[in-house]
Colleague: 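My questions all concern the structure below.
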Amino acid sequence: MAGYLSPGAYFYSEEQEYLQAYEDVLERYKDERDKVQKKTFTKWINQHLMKVRKHVNDLYEDLRDGHNLISLLEVLSGDTLPREKGRMRFHRLQNVQIALDYLKKRQVKLVNIRNDDITDGNPKLTLGLIWTIILHFQISDIHVTGESEDMSAKERLLLWSQQTTEGYAGIRCENFTTCWRDGRLFNAIIHKYRPDLIDMNTVAVQSNLANLEHAFFVAEKLGVARLLDPEDVDVSSPDEKSVITYVSSLYDAFPKVPEGGEGISANDVEVKWVEYQNMVNYLMQWIRHHVTIMSDRTFPNNPVELKALYNQYLQFKETEIPPKETDKLKIKRLYKLLEVWIEFGRIRLPQGYHPNDIEKEWGKLIIAMLEREKILRPEVERLEMLQQIANRIQRDSRSCEDKLILARNALQADTKRLESGLQFQHEAEIAGYLLESENLLRQQVIDAQILIDGKYYQADQLVQRVAKLRDELMAIRTECSSLYSKGHVLTTEQTKLMISGITESLNSGFTTNLTPELSAAMTQGLTPSLTSSSLTSGLSSGLTSRLTPAMTPAYTPGIPPRLIQSYVTGVDGGTLQTLKLMQIRKPLMKSAFVDQNLTEEEVNMKFVQDLLNWVEEMQVAIFTETVVF
């Protein structure tokens, strides 16, 4: 029967129609997949070629001559490859072959890809070649905590995605296709690294396209090329290779803990950042506090307290500075770990929190310490020197006190002997004590002035002690003069020798230092007002040069000639200049003592006694000027 189909033939025809329809759908899917891959791979290539100012418009056409392919491999590897410059097919095939040979050299497996496939623009094999390059140069280097040795690059990237999005409610990461369609995974990964840029509550209620657009937009701001468009992913089965390529770009762009090295994971950023801020705050406060202390220039005058302050500084330098140096290094090391997150934008570094800011403050502290030590050390040495001088005054004062006590006791003994009508025994001994006391007091005067000039904290007390000793010395000297002047009588021969010595003093040693008028007046027995210190030195030298040792005790009213001489001639120029400005008593001439009722011997005695009294007065006046401050 014409036009009649058997049941078997009918079903066979229907099966063919279904099969054809499936093949058509599969072909359209492949076309869509290839279209998305082509767009994704083209964008991926261009983000690298832009570094050498090249660009691909049509993936299948622009790789045929091999030049862009070689340039891509040079950018990815950092190596320089040879190339043919001609435009003939031979040159194109040769350039593609150079690229393929380089990949084989790097142990990249190329399955059924020949140079003519790329030169002829074969879409399937061109996409396959680019995918192989992506796997080798971008995905194969992915490493994740907890990975196993037998994991592929794809599996490691999936593990990283799962670890990154762990704990996000309603989000699962099981593949690189359907799980990414709604855009939540992309947003969750970005939120993990930059929570300030993604609001997950908004993501939970937005549409797929809105989530995808927002994720791609934010990622692009973070430096991730927009390899995908929302409509490429919001399909029933997104292209796996395209999604893997984009997710691996996220992995590359986001901070990560280096393999086998130190780093801070996204989970620990906040904790480490708080730790860093606390360390910086504490150290900066400590530095500024001690800069204030080290800048203080108010030091005690007490050498003991100053020495303690200096020792405290040395202890601070030796015990507190090293630990803070260690803290500073810890801060710098932690900053290095946080730096990638600071550059990524996860952390915003406030002003004054950079390690360089700490170094600036630290430098201020070191300078303040050096300046403090520069002042403290010589000040300690200066006060120690003053302390030694003060100790010497204390020691000499005790010695002077002892000698004055001995002199006082001896004086009291001679006083009792005089009352009993006995001869003196201690006059020379007392004179020695007084001379030694004078010498000690002179040094104490000099030392006390040094303490006053140096603002020594106990200078006033020591000055009072020296002044007290001076008063005691003057009192004993006055008592000696009064006591011993009562017990001496000059013989006629001694009186003549005394007068001869005084006359020679007036005519030679004394008058040589006087003006002609004053010298003539003295030799003629005149008594003008004397204001020159030369009188003291001349008279003293004249007296002592004419007296024999045997005569010395008898001629000195309480003080031996050696004491007079050492005392008078030991006075400095400043004191003599002061005496020149003083109006002192004139010595009387011999004629003033002439009396009809007195014998010549008695007149001579009175004349000599008056001269000795005048010498003693001069001695006392000079000594007073020496020890007065």
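Along the sequence shown, residues carry numbers from 1.
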Colleague: Supply the atom-to-atom distance His426 NE2 to Leu406 CG, rounded to the nearest 0.5 angstrom.
Modeller: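 It comes to 11.5 Å.
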Colleague: Are side-chain N/O atoms of Gln444 and Arg470 paired as donor and acceptor at under 3.5 Å?
Modeller: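 No donor-acceptor contact under 3.5 Å links the two side chains.
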Colleague: Got a sec, which pairs hit ring pair (Phe, Tyr, Trp, His ring centres under 6.0 Å) with one end in residues 343-371, sequence neighbours left out?
Modeller: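 Residue pairs with at least one partner in residues 343-371: Phe254-Phe344, Tyr335-His354.
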Colleague: If you count the non-hydrogen atoms of other residues, nucleotides and ligands that lie under 6.0 Å from CD in Glu166, is the total more than 12?
Modeller: no
Colleague: Any chance you could measure Glu429, atom CD, to Asn409, atom CG, to the nearest 0.5 Å?
Modeller: 9.5 Å
Colleague: Search all heavy atoms of Leu462 against all heavy atoms of Ala390 and return the closest pair with its distance.
Modeller: CD1-CB, 3.7 Å
Colleague: Using side chain to side chain contact (heavy atoms under 4.5 Å, CB included), reason through Glu339 and Lys336 one step at a time and then give a plain yes or no.
Modeller: CA-CA 5 Å; Glu339 190 172 22; Lys336 285 295 183 182; 3.7 Å; yes
Colleague: Testing the basics here: between Ala448 and Val463, what is the closest heavy-atom pair and its distance to 0.1 Å?
Modeller: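 Answer, listing the atom of Ala448 first, then Val463: CB-CG2, 4.0 Å.
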Colleague: Can Glu419 and Lys416 be counted as an ion pair, charged N to O under 4.0 angstrom?
Modeller: no
Colleague: Using modelled atom types only, decide if a donor and an acceptor are shared between the side chain of Ser399 and the backbone of Arg395 within a distance under 3.5 Å.
Modeller: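 Not confirmed, Ser399 side chain does not pair with Arg395 backbone.
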Colleague: Answer yes or no: is there a side-chain heavy-atom contact under 4.5 Å between Trp341 and Lys272?
Modeller: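 Contact flag for Trp341/Lys272 side chains = no.
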Colleague: Treating Gln461 as the side-chain partner and Gln458 as the backbone partner, does any N or O pair qualify as donor plus acceptor under 3.5 Å?
Modeller: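 Flag not set: sc Gln461 to bb Gln458 has no pair under 3.5 Å.
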Colleague: Whether Arg382 and Glu379 form a salt bridge (side-chain N of Lys/Arg under 4.0 Å from carboxylate O of Asp/Glu) is what I want to check.
Modeller: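 Salt bridge: yes.
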Colleague: Could you check whether any side-chain heavy atom of Ile331 comes within less than 4.5 Å of a side-chain heavy atom of Tyr282, counting everything from C-beta outward?
Modeller: no
Colleague: Can you tell me how far apart CG (Asp199) and NE2 (His191) are? Round to the nearest 0.5 Å.
Modeller: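 So the CG of Asp199 and the NE2 of His191 are separated by 7.5 Å.
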Colleague: Does this structure show an ion pair linking Glu371 with Lys374, if we count only N-O contacts that are shorter than 4.0 Å?
Modeller: no
Colleague: With side chains defined as the heavy atoms from C-beta onward, is the minimum distance between Phe424 and Leu483 less than 4.5 Å?
Modeller: yes
Colleague: Check salt bridge (charged side-chain N to carboxylate O under 4.0 Å, His left out) between Glu384 and all other residues, then give those that pass, not counting sequence neighbours.
Modeller: Lys307
Colleague: Could you list the residues that satisfy side chain to side chain donor-acceptor pair (under 3.5 Å) with Gln387, not counting sequence neighbours?
Modeller: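 With sequence neighbours excluded, Gln387 shows a side chain to side chain donor-acceptor pair (under 3.5 Å) to Asn391, Tyr456, given in chain and number order.
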Colleague: With the threshold set at 4.0 Å, does a side-chain nitrogen-carboxylate oxygen contact exist between Glu472 and Arg408?
Modeller: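 Between Arg408 and Glu472 there is a salt bridge, with a charged N closer than 4.0 Å to a carboxylate O.
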Colleague: Identify the heavy atoms of Ile476 and Leu411 that sit nearest to each other, and give their distance.
Modeller: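 Shortest heavy-atom contact: O-CD2, 4.2 Å.
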Colleague: When rounded to the nearest 0.5 angstrom, what distance separates CD1 in Ile264 from CD1 in Ile347?
Modeller: 7.0 Å
Colleague: Can you give me the closest heavy-atom contact between Leu469 and Cys400, atom names plus distance?
Modeller: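 Closest pair (atom of Leu469, atom of Cys400, distance): CD1-CB, 4.1 Å.
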Colleague: If you look at every heavy atom in Pro355 and Lys332, which pair is closest and at what distance?
Modeller: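 Pro355 and Lys332 have their closest heavy atoms at CG-CA, 4.4 Å.
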Colleague: Just by distance, with hydrogens left out, do Tyr310 and Arg377 show a side-chain donor and acceptor under 3.5 Å apart?
Modeller: yes
Colleague: Could you check whether atom NZ of Lys328 has more than 12 heavy atoms from other residues, nucleotides or ligands sitting under 6.0 Å from it?
Modeller: yes
Colleague: Show me, pair by pair, the donor-acceptor contacts under 3.5 angstrom made by side chains of residues 295-304, not counting sequence neighbours?
Modeller:
residue, atom, partner, partner atom, Å
Ser295, OG, Val291, O, 2.7
Asp296, OD1, Thr298, N, 3.0
Asp296, OD1, Thr298, OG1, 3.2
Arg297, NH1, Met294, O, 2.4
Arg297, NH1, Ser295, O, 3.4
Asn302, OD1, Val304, N, 2.8

Colleague: Hey, are the side chains of Leu376 and Leu306 touching, using non-hydrogen atoms and a 4.5 Å cut-off?
Modeller: yes
Colleague: More than 12 non-hydrogen atoms from neighbouring residues, nucleotides or ligands closer than 6.0 Å to NZ on Lys324, yes or no?
Modeller: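 Correct, the count exceeds 12.
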Colleague: Mind checking side-chain contact (heavy atoms from CB on, under 4.5 Å) for Pro378 and listing every partner two or more places apart, or none if nothing turns up?
Modeller: none
Colleague: Any side-chain heavy atom of Arg346 sitting closer than 4.5 Å to one from Glu270?
Modeller: yes
Colleague: Please step through side chain to side chain contact (heavy atoms under 4.5 Å, CB included) for the pair Leu365 and Ile321, ending with a clear verdict.
Modeller: CA-CA 10 Å; Leu365 174 61; Ile321 289 295; 4.1 Å; yes
Colleague: Kindly indicate whether the side chain of His289, heavy atoms from C-beta on, has any atom under 4.5 Å from the side chain of Gln285.
Modeller: no
Colleague: Between Asp453 and Gln449, do the side chains contain an N or O donor and an N or O acceptor separated by less than 3.5 Å?
Modeller: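 Side chains of Asp453 and Gln449: pair found under 3.5 Å.
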Colleague: Could you tell me whether Lys317 and Glu373 make a salt bridge, using a distance below 4.0 angstrom between a side-chain N and a carboxylate O?
Modeller: yes
Colleague: Just checking, is any N or O donor in the side chain of Gln277 or Asn281 under 3.5 Å from an acceptor N or O on the other one?
Modeller: no
Colleague: Any side-chain heavy-atom pair from Arg398 and Arg465 closer than 4.5 angstrom?
Modeller: yes
Colleague: Would you give the length of the straight line joining atom NZ of Lys364 to atom CD1 of Ile366, rounded to the nearest 0.5 angstrom?
Modeller: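 Atom-to-atom, Lys364:NZ and Ile366:CD1 are 13.5 Å apart.
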Colleague: Verify side chain to side chain contact (heavy atoms under 4.5 Å, CB included) between Asn439 and Arg442, making sure each step is shown before the conclusion.
Modeller: CA-CA 5 Å; Asn439 292 334; Arg442 284 194 182 95; 3.3 Å; yes
Colleague: Decide yes or no for Arg392 and Ile389: does some side-chain heavy atom of the first lie under 4.5 Å from some side-chain heavy atom of the second?
Modeller: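 Side-chain contact under 4.5 Å: yes.
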Colleague: Where is the tightest heavy-atom contact between Leu338 and Val269, given as atom of each residue plus distance?
Modeller: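 Scanning both residues completely, I find the closest heavy atoms to be CD2-O, 4.4 Å.
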Colleague: Who pairs with Lys256 by side chain to side chain donor-acceptor pair (under 3.5 Å), at least two apart in sequence or on another chain?
Modeller: none
Colleague: To the closest 0.5 Å, what do you measure between CG (Leu441) and CG (Asp396)?
Modeller: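 Output value for this atom pair is 9.0 Å.
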Colleague: Can you tell me if Ser482 uses its side chain to pair, donor with acceptor, with the backbone of Thr478 under 3.5 Å?
Modeller: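 Side chain of Ser482 to backbone of Thr478: no pair is present.
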Colleague: Please report the C-alpha distance between Asp414 and Tyr484 in whole Å, then the side-chain angles of each, then the deciding distance to 0.1 Å, and finally whether the side chain to side chain contact (heavy atoms under 4.5 Å, CB included) criterion is met.
Modeller: CA-CA 9 Å; Asp414 273 357; Tyr484 294 123; 2.6 Å; yes
